Amino acid sequence: FEAAGGEVLTETPVTRLVTRLLDDGRQEVLGVEATGPDGPLRVGANRGVLLAAGGFDWDFEMKAHFLRGPTNFTIGHPGNTGDGIRMAQVAGADLRNMNECWGGVVFVEDTKALHAEGNPGTIKHMIQRRSAGCITVNRYGRRFYNEASDYDSAWRPFFAWENWGDVACANLPAFQISDKKVKPTAKAGVQEADTVAELAEKLGVDPDGLAAQVDRFNEHALLGEDPDFHRGESAYDTEYGMTLAPLDKPPFYGVEVAPADLGTCGGARVNGDAQVLGPTGQIVERLYASGNNAGVGG
């Protein structure tokens with residue numbers, strides 16, 4: 001880019017696309033307005049503008065409207081605020097794939113503290129959740145997915161919907177449960193107890209449900225099997241070693257976990273040439289989008 005005569009301007013966020021209305025009602029992009037260290041500036045585009053500003057991981061209102069479940073946490077870069085997508089909309093862009101993201105699971109209290117400082121969550125729980133002697137349960141004390149699965153598959157089961165009682169996601173809140181073999185790597189929110197029942201009380205989880213779940217999991221883990229969620233059966237599950245072992249060595253640990261997005265997949269609708277399209281498929285002249293700024297998924 002620089003070898004071709006381009007200049008990279010850091011600390012110069014774009015605030016608006018400069019456009020003009022064409023005779024047929026479409027918009028044509030002429031350049032951008034930005035704010036640099038020395039104040040506002042305009043940059044004209046000889047051939048067009050390429051939006052590559054990432055997704056909307058850090059726009060929690062936008063996520064609440066578009067994503068398929070409550071993702072109050074993110075592991076995405078703090079610069080992914082959805083501004084490129086909003087600018088494309090103002091220029092007449094249609095949107096695609098806004099209900100999708102790449103997902104993961106995080107420790108709740110640790111991630112709250114990181115977000116309060118403007119930082120993304122970490123993958124500590126995603127590394128630990130598949131450890132032998134560790135399971136994930138909902139408030140009923142029941143497991144609800146294969147803890148050794150890939151990170152994106154792990155995100156989705158949290159949003160199973162209960163259409164009775166309080167009418168809410170059945171698997172939120174959720175908790176990582178482990179025994180002496182797997183001490184949580186979380187810095188905050190960890191509960192410890194000498195018995196499974198005592199741990200359930202501290203976490204607000206159904207004690208009978210958790211006790212029954214641990215007994216069932218232990219019975220099958222001793223045989224190296226998981227008939228409920230087939231944990232340990234795929235090559236992915238065992239890539240990092242054994243994943244099944246009973247939870248039978250006190251103390252027992254529990255810590256709240258929750259789904260988090262790694263990066264959103266939706267954005268401006270584009271064609272095969274990366275040209276941004278409007279709601280009827282018309283081209284927004286001289287506007288292009290790529291990466292997580294474009295609604296092409298992953």
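Note that the coordinates shown come from a computational prediction; the quantities given were computed from them, not determined experimentally. Values reported hereafter were calculated over all heavy atoms of this structure, with side chains retained and with hydrogens, waters and symmetry mates removed.
- One finds no salt bridge joining Glu285 and Arg47 here, because no Lys/Arg side-chain nitrogen approaches an Asp/Glu carboxylate oxygen to under 4.0 Å.
- In this structure, the separation between CZ on Phe217 and CG on Leu244 is 5.0 Å, given to the nearest 0.5 Å.
- In this structure, Thr136 and Val257 have side chains that are in contact, with non-hydrogen atoms separated by less than 4.5 Å.
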| said: Between Glu192 and Lys183, is the salt bridge (Lys or Arg N to Asp or Glu O under 4.0 Å) condition met? List the steps. | reply: CA-CA 10 Å; Glu192 179 180 341; Lys183 187 171 183 178; 5.9 Å; no

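- With no hydrogens or angles considered, no side-chain donor-acceptor pair links Asp237 and Thr243 at under 3.5 Å.
- Residue pairs meeting the side-chain hydrogen bond (donor to acceptor under 3.5 Å, both in side chains) criterion with at least one member in residues 214-223, sequence neighbours excluded: Arg216-Asp228, His220-Glu225.
- Side chain of Asp59 to main chain of Met62: a donor-acceptor pair is present (N/O by atom type, distance under 3.5 Å, no hydrogens or angles).
- Although no hydrogens or angles enter the test, the distance criterion places no donor-acceptor pair under 3.5 Å between the side chain of Asn138 and the main chain of Asn171.
- Counting only distance, with no hydrogens or angles, the side chain of Lys63 and the backbone of Thr71 share a donor-acceptor pair below 3.5 Å.
- In terms of hydrophobic clustering, with Ile, Leu, Val, Met, Phe, Trp and Tyr side chains grouped at heavy-atom distances under 4.5 Å, Leu30 and Leu9 are assigned to different clusters.
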| When you look at Gln176 and Val105, which way does the side chain to side chain contact (heavy atoms under 4.5 Å, CB included) test go after all the steps? | CA-CA 11 Å; Gln176 174 182 300; Val105 190; over 6 Å; no

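- Considering Val106, Asp57, Asp110 as possible partners of Phe73, the one that fulfils the side-chain contact (heavy atoms from CB on, under 4.5 Å) test is Val106.
- A donor-acceptor contact shorter than 3.5 Å is absent between the side chain of Asn99 and the backbone of Leu67.
- Salt bridge status for Lys187 with Glu109: absent, with no side-chain N to carboxylate O gap under 4.0 Å.
- The shortest non-hydrogen separation linking Ala93 to Ala268 is CB-CB, 4.3 Å.
- Here the closest heavy-atom approach between residue Phe60 and residue Asn72 is recorded as CE2-O, 3.3 Å.
- In this structure, Gln191 and Tyr253 have side chains that are not in contact, with every pair of non-hydrogen atoms separated by 4.5 Å or more.
- A donor-acceptor contact shorter than 3.5 Å is absent between the side chain of Asp226 and the backbone of Gly232.
- For CG of Asp23, the number of neighbouring non-hydrogen atoms (other residues, nucleotides, ligands) closer than 6.0 Å is 12 at most.
- A donor-acceptor pair under 3.5 Å links the side-chain atoms of Gln128 to the main chain of Thr185, judged by distance alone.
- Taking CG from Leu262 and OG1 from Thr74, the interatomic distance works out to 7.5 Å, rounded to the nearest 0.5 Å.
- Other residues, nucleotides and ligands contribute more than 12 heavy atoms inside 6.0 Å of the CG atom of Leu172.
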| field | Worked check of side chain to side chain contact (heavy atoms under 4.5 Å, CB included) between Ile85 and Leu95 | value | CA-CA 8 Å; Ile85 298 171; Leu95 301 181; 3.8 Å; yes

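- Proximity of a side-chain donor or acceptor of Thr195 to a complementary backbone N or O of Glu198 within less than 3.5 Å is detected.
- Around NE2 of His77, the count of heavy atoms belonging to other residues, nucleotides or ligands within 6.0 Å does not exceed 12.
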| Intermediate values then yes/no, salt bridge (Lys or Arg N to Asp or Glu O under 4.0 Å), Arg16 and Asp83 | CA-CA 9 Å; Arg16 188 175 77 87; Asp83 50 349; over 6 Å; no

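- Between Glu256 and Lys202, no side-chain nitrogen of the basic residue sits less than 4.0 Å from a carboxylate oxygen of the acidic one, so the salt-bridge criterion is not met.
- Note: Cys101 SG to Asp152 CG = 7.0 Å, rounded to the nearest 0.5 Å.
- Counting only distance, with no hydrogens or angles, the side chain of Asn146 and the backbone of Ala148 share a donor-acceptor pair below 3.5 Å.
- The distance from the CG atom of Leu199 to the CZ atom of Phe252 is 8.5 Å, given to the nearest 0.5 Å.
- Side chain of Thr12 to backbone of Thr10: a donor-acceptor contact under 3.5 angstrom is found.
- In this structure, the ring of Phe144 has its center less than 6.0 angstrom from the ring center of Phe158.
- The nearest pair of heavy atoms linking Val108 to Ala258 is CG2-CB, 3.6 Å.
- A distance of 11.0 Å separates CZ in Phe56 from CG in Asn293, rounded to the nearest 0.5 Å.
- Val205 and Leu247 end up in the same hydrophobic cluster when Ile, Leu, Val, Met, Phe, Trp and Tyr side chains are linked at under 4.5 Å.
- By the 4.5 Å heavy-atom criterion applied to side chains, Leu17 and Val90 are not counted as neighbours.
- A single hydrophobic cluster is seen to contain both Met87 and Val43, as judged by linkage of ILVMFWY side chains at heavy-atom distances under 4.5 Å, directly or through other members.
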| said: I'd like to know whether Arg129 forms a salt bridge (Lys or Arg N to Asp or Glu O under 4.0 Å) with Glu147, so could you lay out the CA-CA distance, the side-chain angles of the two residues, the decisive distance to 0.1 Å, and finally the verdict. | reply: CA-CA 6 Å; Arg129 64 187 167 86; Glu147 296 92 343; over 6 Å; no

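- For Tyr240, the OH atom counts as loosely surrounded, since its 6.0 Å shell holds 12 or fewer non-hydrogen atoms of other residues, nucleotides or ligands.
- Looking at heavy atoms from C-beta onward, Gln275 lies in side-chain contact with Ile283 at the 4.5 angstrom threshold.
- How far CG of Asp206 is from CD of Glu201: 9.0 Å, rounded to the nearest 0.5 Å.
- Taking each heavy atom of Arg139 and Cys169 in turn, the nearest pair found is NH1-O, 3.3 Å.
- Residues satisfying the ring pair (Phe, Tyr, Trp, His ring centres under 6.0 Å) test with Phe159, not counting sequence neighbours, are Trp155.
- Tracing side-chain contacts under 4.5 Å through hydrophobic residues (I, L, V, M, F, W, Y), one reaches Tyr151 starting from Ile127; they form part of the same cluster.
- Under the 4.5 Å side-chain criterion, counting only non-hydrogen atoms from C-beta, Lys112 is not in contact with His115.
- Checked against Thr19 for a side chain to side chain donor-acceptor pair (under 3.5 Å), the options Gln27, Arg286, Arg26 give a single hit: Gln27.
- A side-chain contact (heavy atoms from CB on, under 4.5 Å) with Leu287 is found for exactly one of Leu277, Leu50, Val49, namely Val49.
- A pairwise comparison of heavy atoms in Pro184 and Val255 identifies CB-CG1, 4.2 Å as the closest pair.
- Residues Asn97 and Val296 are not in side-chain contact: their nearest non-hydrogen atoms beyond the backbone lie 4.5 Å or more apart.
- Ring geometry, His125 versus Phe107: the interplanar angle exceeds 60°, so the pair is classed perpendicular (tilted spans 30 to 60°).
- With hydrophobic clusters built from ILVMFWY side chains whose heavy atoms lie under 4.5 angstrom apart, Trp58 does not share a cluster with Val14.
- Between Ile177 and Arg143 the shortest side-chain heavy-atom distance does not fall below 4.5 Å.
- Residues Trp161 and Val167 meet the side-chain proximity criterion, which asks for heavy atoms closer than 4.5 Å.
- A donor-acceptor pair under 3.5 Å is formed between the side chain of Lys181 and the backbone N or O of Pro246.
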| Please walk me through it: do Tyr236 and Ser149 pass side chain to side chain contact (heavy atoms under 4.5 Å, CB included)? | CA-CA 7 Å; Tyr236 185 96; Ser149 66; 5.7 Å; no

